[in-house]
Amino acid sequence: MLQISYIRENREEVIDRLKVKNFGQLGLVDEVLRLDEELRSLKVASESISAEANSAAKKIGELMRQGKKEEAEAIKAQSASYKEQLKQYTEQLGPLEAKFFDTLVQLPNLPYHLVPEGKDAEDNEVVLQHGDLVELPEGALPHWELAAKYDIIDFELGVKVSGAGFPVYKGKGARLQRALINFFLDKANAAGYREVQVPILVNSDSGFGTGQLPDKEGQMYYVGNDDMYLIPTAEVPVTNMYRDVILKEEDFPIKNTAYTPCFRREAGSYGAHVRGLNRLHQFDKVELVQVVHPKRSYEVLEEMSLYVQSLLKELRLPYRVLRLCGGDMSFTSAMTYDMEVWSAAQKRWLEVSSVSNFETYQSNRLKARFKDADGKMQLVHTLNGSALALPRIVACILEENQTERGIKIPDVLVPYTGFEWID
RNA sequence: GGAAAGUUGGCAGAGUGGUCGAAUGCGGCGGUCUUGAAAACCGUUGUCUGUAACAGGACCGGGGGUUCGAAUCCCUCACUUUCCGCCA
């Protein structure tokens, strides 16, 4: 959520930057400013009545104590009208406040100055590419066929148990998953992230805090009986640990990592691009979340990007890094790097990580603040990144490393899997 | 699932209708003392909103009500804790 004070003072700039984000409803900016002004003038009026009512009440108290009953009664009679006036104001203020808030939350985050203008994925900027795009030999299989051939991932079984998008990992397939989770967590620990285990069902306050609610409601599975949501990413519970928290400057940087399953409804996604492991309703992910001083957040974003790249290098997967254009960025992000891995068999790039700086967009909702050196309250900056999402990594590992003999497990994973070959 | 109690400032914990934005303790900050530190002592210490600065306004789990006046009384919702039941 943007800060209204910032919009008030930087109207032109806000509009310009929203244009970079390809935001279609620029009129909302003036709408929110209009509501803000209306709201504030109404508040001034209502508060002056409150002030009068308060001082009258105080006076009555004093008179009563002095035993001057008649005088007190006289003021009492006058005071009766305040109540009616205040009631009228609150009746207007309530709906107006709601309208204001509804409008304000419809404004997405402002993109950072490095974010390129653009509509969609076509306009993303390729920052770098690493590793050769190996040509697989004739007869190489996509991962879903490899999964069937070695009987390690069973999509049909998942359909029976739950539905499409809920695969069952079997034998070495399951063990590879577990190995990757442990590998990613160990690496994150070594990089200074504290490991946390968090709930995967969250309440609506948490959904709001990180920006999934109210807009992305349809993306999440909702457990109506208990009014809870299955998390689409560990970002939600981990970042919400800092909701309503006042930090000290020396607490920074706060680095947490969590492994969780993630659940996404992905309504309306079908076709070749969602085949196999490409897009699932349930998948595993190790997530990084940092809470940092505003001055350092872009430094930290680079650091996180490099960290994610180091994982991909260790796994020997060719990858590229994209800086997302305004139009392709998420609602809440100020700048995002996507890491994509080359799927040799599908001959296309697959997103395996997304690293974002949210600046104060989340912390303003979360009320996650710190006292700065001058003793003033400031909103923290929050960042997160996948390190990494498993399914597409698994897909690429299977495809890249297929040989006549079987699938060769990358060296760094062997201590974790306990086997070198899937055959 | 049943029963009871509770929700107050960074934390602990007083406060049952007016001088309560809230005692006290801890913690934090500043100072005295000390070569330095600790202890002790003194002072200070909530958030949001608003103003050029004052002033003013709001906040004692959320919402509503009673009253001239509510942390305090009433209604309602949510959550937490404890005991019993069930259970990995």
Side-chain angles (χ1 to χ4, degrees), chain A residues 1-9 32-33 35-102 104-105 197-209 213-214 222-229 237 240-252 254 261 291 360 363-380:
Chain A
M1 184 164 67
L2 296 178
Q3 290 166 270
I4 185 64
S5 56
Y6 191 85
I7 303 176
R8 227 184 267 150
E9 285 155 32
V32 87
L33 285 173
L35 289 167
D36 174 52
E37 202 158 314
E38 203 178 322
L39 200 53
R40 287 198 297 158
S41 71
L42 203 57
K43 266 188 187 157
V44 168
S46 124
E47 278 171 13
S48 74
I49 305 287
S50 293
E52 282 181 47
N54 285 346
S55 79
K58 209 167 264 178
K59 197 169 285 170
I60 292 170
E62 245 166 72
L63 292 171
M64 295 289 264
R65 238 171 296 117
Q66 294 163 9
K68 299 178 179 167
K69 228 171 167 196
E70 300 81 44
E71 287 180 53
E73 288 300 328
I75 301 179
K76 245 193 221 187
Q78 288 170 25
S79 294
S81 75
Y82 292 135
K83 206 177 174 182
E84 185 53 34
Q85 291 182 63
L86 278 174
K87 197 177 168 192
Q88 281 179 16
Y89 278 118
T90 25
E91 272 168 11
Q92 288 179 63
L93 274 168
L96 194 58
E97 254 163 4
K99 184 92 190 300
F100 167 75
F101 183 76
D102 284 350
L104 184 59
V105 296
Q197 283 199 13
V198 291
I200 58 176
L201 280 164
V202 294
N203 57 32
S204 54
D205 283 346
S206 292
F208 175 77
L213 297 176
Y222 176 60
V223 184
N225 272 350
D226 297 289
D227 193 25
M228 305 253 258
Y229 296 85
N240 270 282
M241 296 196 304
Y242 299 93
R243 173 151 47 84
D244 293 319
V245 166
I246 297 169
L247 295 160
K248 301 193 196 99
E249 241 181 285
E250 60 263 33
D251 295 333
F252 295 134
I254 294 170
V291 177
T360 59
S363 59
N364 189 32
R365 292 182 166 207
L366 294 162
K367 298 214 192 323
R369 296 169 295 175
F370 72 100
K371 261 203 172 111
D372 66 19
D374 302 328
K376 276 181 43 181
M377 284 291 182
Q378 280 195 54
L379 293 169
V380 302

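The chains referred to below are lettered A, B, ... by the order of the sequence lines, with proteins before strands, and numbering in each begins at 1. Predicted model, so just to flag it, every value in this text is computed and none were measured.
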- Could you check which of rC68(B), rG50(B), rG57(B) has an atom nearest any side-chain atom of Ser50(A)? rG57(B)
How far, in whole Å, is [M] from [N] if one measures between their [atom1] atoms?
N	M	atom1	value
rC68(B)	rA52(B)	C1'	35 Å
rU45(B)	rA22(B)	C1'	15 Å
rG61(B)	rG57(B)	C1'	22 Å
rG46(B)	rG10(B)	C1'	9 Å
rA39(B)	rG27(B)	P	8 Å
rA88(B)	rC79(B)	C1'	25 Å
rU80(B)	rG30(B)	P	39 Å

- Item | Sidechain N-carboxylate O distance under 4.0 Å for Lys76(A), Glu73(A) | yes
- Would you call Tyr6(A) and Thr360(A) a side-chain contact if the rule is heavy atoms closer than 4.5 Å? no
[N] [atom2] sits how many Å from [X] [atom1], rounded?
X	N	atom1	atom2	result
Lys59(A)	rU19(B)	NZ	P	16 Å
Lys87(A)	rG64(B)	NZ	C1'	11 Å
Glu97(A)	rC59(B)	CD	P	12 Å
Lys43(A)	rU51(B)	NZ	C1'	15 Å
Glu62(A)	rC20(B)	CD	P	13 Å

- When rounded to the nearest 0.5 Å, the distance separating CD of Gln3(A) from CZ of Arg8(A) is 11.0 Å
- Query: Under a 3.5 Å cut-off for both distances, is rU44(B) Watson-Crick or wobble paired, and to whom?
  - Reply: rG28(B)
- Message: Let's test this: given Watson-Crick or G-U wobble pairing with both distances under 3.5 Å, identify the partner of rA39(B).
- Response: none
- Comparing Lys76(A) with Arg369(A), nearest RNA chain B nucleotide closer to 5' gives the residue Arg369(A)
- Task: Using the closest heavy atom to pick a nucleotide of RNA chain B for each, name whichever of Arg40(A) or Lys83(A) lands nearer the 5' end.
- Result: Arg40(A)
- OP1 or OP2 of rG57(B) under 4.0 Å from side-chain N/O of Asn54(A): yes
Base, sugar-phosphate or nothing for [X]? Non-hydrogen atoms, less than 4.0 Å.
X	answer
Ile60(A)	base
Lys248(A)	nothing
Ala56(A)	nothing
Met377(A)	sugar-phosphate
Lys371(A)	sugar-phosphate

- Task: Please work out which of the three classes, parallel, tilted or perpendicular, describes the rings of Phe252(A) and Phe370(A), given edges at 30° and 60°.
- Result: perpendicular
- Item | Donor-acceptor under 3.5 Å (Ser363(A) side chain, Leu379(A) main chain) | no
